[in-house]
Amino acid sequence: MSELLYSRDFYGKALVDLGRERKDIVVLDADLSGSTRTAKFRDEFPDRFFNIGVAEQNLMGISAGLASCGFTVFASSFAIFATGRPWDQIRNTICANHLNVKIVATHAGITVGEDGASHQANEDIAIMRAIPNMRVISPCDAFETYEVIKAIADIPGPFYVRMGRSKSPVVEERAHHFQFGKGQILRNGKDCFLFAHGLMVYNSLRAAEHLEKEKISVGVVNMPTIKPLDEELVLDIASKIKKIAVCEEHSVIGGLGSAISELLSQKQPVKMTLIGIGDVFGQSGSPDELLKAYGLDIDSIVSKVRDLVRNT
Amino acid sequence: MFPLTKNVKQLESIAKEVRALIIKMLAKAGSGHPGGSLSAVEILTTLYFSVMRHDPQNPHWEDRDRFHLSKGHACPVLYAVLAKTGYFDESELWTLRKFGSMLQGHADRRTPGIEISTGSLGQGLSIALGMALGARVARKNYRVYCLLGDGEIQEGNVWEAAMAAAHYNVGNLCAILDYNKFQIDGSVDEIMSLEPIEDKWEAFGWHTIVIDGHDISDLISAFEQAKEIKKKPTIIIAQTIKGKGVSFMEHVVDFHGRVPSPEEEKKALEEILGNE
């Protein structure tokens, strides 16, 4: 088992490092600064931190106003509150004006766990991805999270970055640093390719190792940038390997699976399996129990990919 | 460079021209929102000609005072004032709402002088607060003005911003409420009453000033008073008349979102400009 780390710890660390390097970094939170780790930035740069209280629409509006004055703004909350409640502010103000606001959300996906359905954002990528000008990123581990935060601070305009609540294993197969807009092949395969983001990159790699023992050769691609999609890489793989699975801790509606399907169905049709959360709400439970219940544990991925390779 | 003048007679004369431009551009556009544009004519004329520091030749001058039109549907009055202060040529006004025009149906930042696009109600006070906090972080002394509609402040986001502006003691933020008493479906009192309006803003920690929003000398004094309030945001509750300046449009809810016919345009312009 790889080392387990909190991605949000590395988000907080990246903010502090950015704050030391640059005077234009301003950070806002909506009463969750301890959990999102923006509190680390607050402690060191209190004049450049604003806690907006439990008011996410106001969080996004104030962030927009600050960005219009030339600041690079990071706005944080849990994924469910950072995307759903202020969607209109994000669409009509932040994105329509191409403002330099980086919405960085923690506690995304089903692995929020015991807090239950109201706090499990399984649709955040779908609703962010649909907005023009928005770029969507889901790093696979704590180290990639750090790289993502440093990278997007240098790219003007809006971003949505999501990460989970729990500690997650480091993906040791990563050969190079995060590059915006690029996927990275972590493992090659001949029978099928598995595209994943976030926590599911690790699970997909383990599933591929398992399938290798059954003589099924599965490639794995880390896709931290969900929008804009690395079309070149996806098309290149689909031109050679005719079975593609997408695995993500997100609804099967509107996530990376949808993005890849939208591309391949038009330009390079192949057999596909979307492994994600169905059209249902979650519930309380431990992250491991929930991953199993919603088909995102290693065994479930193995079984779905095996089925794609053997039975289609 | 602005501000240009505090001469009330001169400002009243500019306001008349602004009013006439609103009627003409909306009649030509064939759609849009006359009522809530006409009610804000004196407010915007006073702000742009005699209160705000701004430079139409350099719209991005970083020390400029900021204006944010939260009630984005009232963009015709803003477009008219921006043209009159020299941000762009008056002839652009006749392209309002046409395909390819920089003058979009709701205020849009492709227009020189417009900071941020608006149109979805209730967001503007947060944005203006962000700009006001930006001055604090950057150690600048510009002021931020934000025009709110009365129906608009039924949005919860406005009160989130109101609470936060007082919490952060932003003395460089001044909101103006265009209290013209009508919204699309009827009178504000009927649809969703705002009263007691001054008490609400006071309870939220704001300095309040209630004035006749069509009296330019009252507006000048109110803006001057607001500048002296250093530790709180100020709201100027401007009692206005929807459709002000055109007898058959005044207090008529239908003209929230209906433009004058050619005959109505002619009659309206006669009323505004007299037989000049």
Side-chain angles (χ1 to χ4, degrees), chain A residues 19 22-31 41-42 45-75 77 81 84-101 103 131-133 157-158, chain B residues 59-70 72 104 106-111 114-140 142 144-146 155-170 172-173 204:
Chain A
R22 290 168 50 168
K23 294 265 179 264
D24 67 311
I25 304 288
V26 175
V27 178
L28 290 83
D29 205 299
D31 197 36
F41 184 93
R42 175 202 64 200
F45 309 103
D47 295 342
R48 286 192 268 152
F49 177 85
F50 298 99
N51 199 327
I52 305 306
V54 191
E56 294 78 14
Q57 301 175 51
N58 199 28
L59 170 74
M60 296 308 169
I62 294 175
S63 296
L66 279 158
S68 79
C69 298
F71 294 101
T72 299
V73 182
F74 284 83
S77 179
F81 311 125
R85 194 58 164 268
W87 190 84
D88 187 42
Q89 283 74 7
I90 297 170
R91 179 195 187 270
N92 279 313
T93 297
I94 292 173
C95 290
N97 292 281
H98 201 262
L99 292 170
N100 200 13
V101 179
I103 300 166
I131 306 175
N133 288 343
Chain B
H60 300 292
W61 173 40
E62 58 178 34
D63 294 324
R64 70 194 180 279
D65 289 335
R66 269 77 168 166
F67 173 76
H68 188 66
L69 182 71
S70 193
Q104 294 287 295
H106 287 80
D108 192 286
R109 68 170 188 145
R110 74 189 73 182
T111 309
I114 292 185
E115 306 278 348
I116 292 186
S117 308
T118 56
S120 179
L121 293 176
Q123 303 189 19
L125 194 58
S126 295
I127 296 164
L129 170 55
M131 293 172 174
L133 291 171
R136 177 179 299 179
V137 178
R139 300 189 199 302
K140 291 189 174 292
Y142 62 77
V144 184
Y145 297 91
C146 178
E155 288 279 6
N157 190 171
V158 174
W159 299 98
E160 294 181 0
M163 196 183 292
H167 177 81
Y168 281 109
N169 308 310
V170 283
N172 60 338
L173 176 62
F204 272 73

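A note on names: the letters A, B, ... follow the listed sequences, proteins ahead of strands, and every chain is numbered from 1. The basis for the numbers below is simple: all heavy atoms, side chains too, and nothing from hydrogens, waters or symmetry mates.
- Contact record, A:Ala64 with B:Ile116: O-CD1, 4.0 Å, taken as the closest heavy-atom pair.
- Considering only heavy atoms from C-beta on, A:Cys69 comes within 4.5 Å of B:Arg66 through its side chain.
- Looking at A:Leu99, the atoms closer than 4.5 Å to chain B (heavy atoms on both sides) all sit in the side chain, from C-beta outward.
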* Kindly indicate, with the supporting measurements, whether the criterion side-chain hydrogen bond (donor to acceptor under 3.5 Å, both in side chains) is fulfilled by B:Gln123 and A:Asn92. => CA-CA 9 Å; B:Gln123 303 189 19; A:Asn92 279 313; 6.0 Å; no
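- Residue B:Arg110 does not touch chain A at all, counting heavy-atom pairs closer than 4.5 Å.
- Atom CG of B:Leu133 sits about 8.0 Å away from atom CG of A:Leu28, to the nearest 0.5 Å.
- The shortest distance between side-chain heavy atoms of B:Ser126 and A:Gln57 does not fall below 4.5 Å.
- Atom-to-atom distance recorded for B:Glu160:CD and A:Met60:CE is 11.5 Å, nearest 0.5 angstrom.
- Residue pairs that meet the ring pair (Phe, Tyr, Trp, His ring centres under 6.0 Å) test with at least one member in residues 115-134 of chain B, sequence neighbours left out, do not exist here.
- Here the CG atom belonging to A:Leu66 is positioned 10.5 Å from the CZ atom belonging to B:Arg136, to the nearest 0.5 angstrom.
- Two residues are said to be in side-chain contact when any heavy atoms from C-beta on lie closer than 4.5 Å; A:Phe50 and B:Leu129 fail this criterion.
- More than 12 heavy-atom neighbours from other residues, nucleotides or ligands sit within 6.0 angstrom of NZ on B:Lys140.
- No part of B:Ala132 comes within reach of chain A, as not one of its non-hydrogen atoms sits under 4.5 angstrom from that chain.
- Among the candidates B:Ala161, B:Gly134, B:Gly130, B:Gly122, the residue making the largest number of heavy-atom pairs closer than 4.5 Å to chain A is B:Gly130.
- Within 6.0 Å of atom CZ in B:Arg64, more than 12 heavy atoms from other residues, nucleotides or ligands are found, so the atom counts as buried in its surroundings.
- To the nearest 0.5 Å, atom CG of residue B:Asn157 and atom OG1 of residue A:Thr93 are 8.5 Å apart.
- Here the straight-line distance linking atom CH2 of B:Trp159 with atom CG of A:Asn58 works out to 13.0 Å at 0.5 Å rounding.
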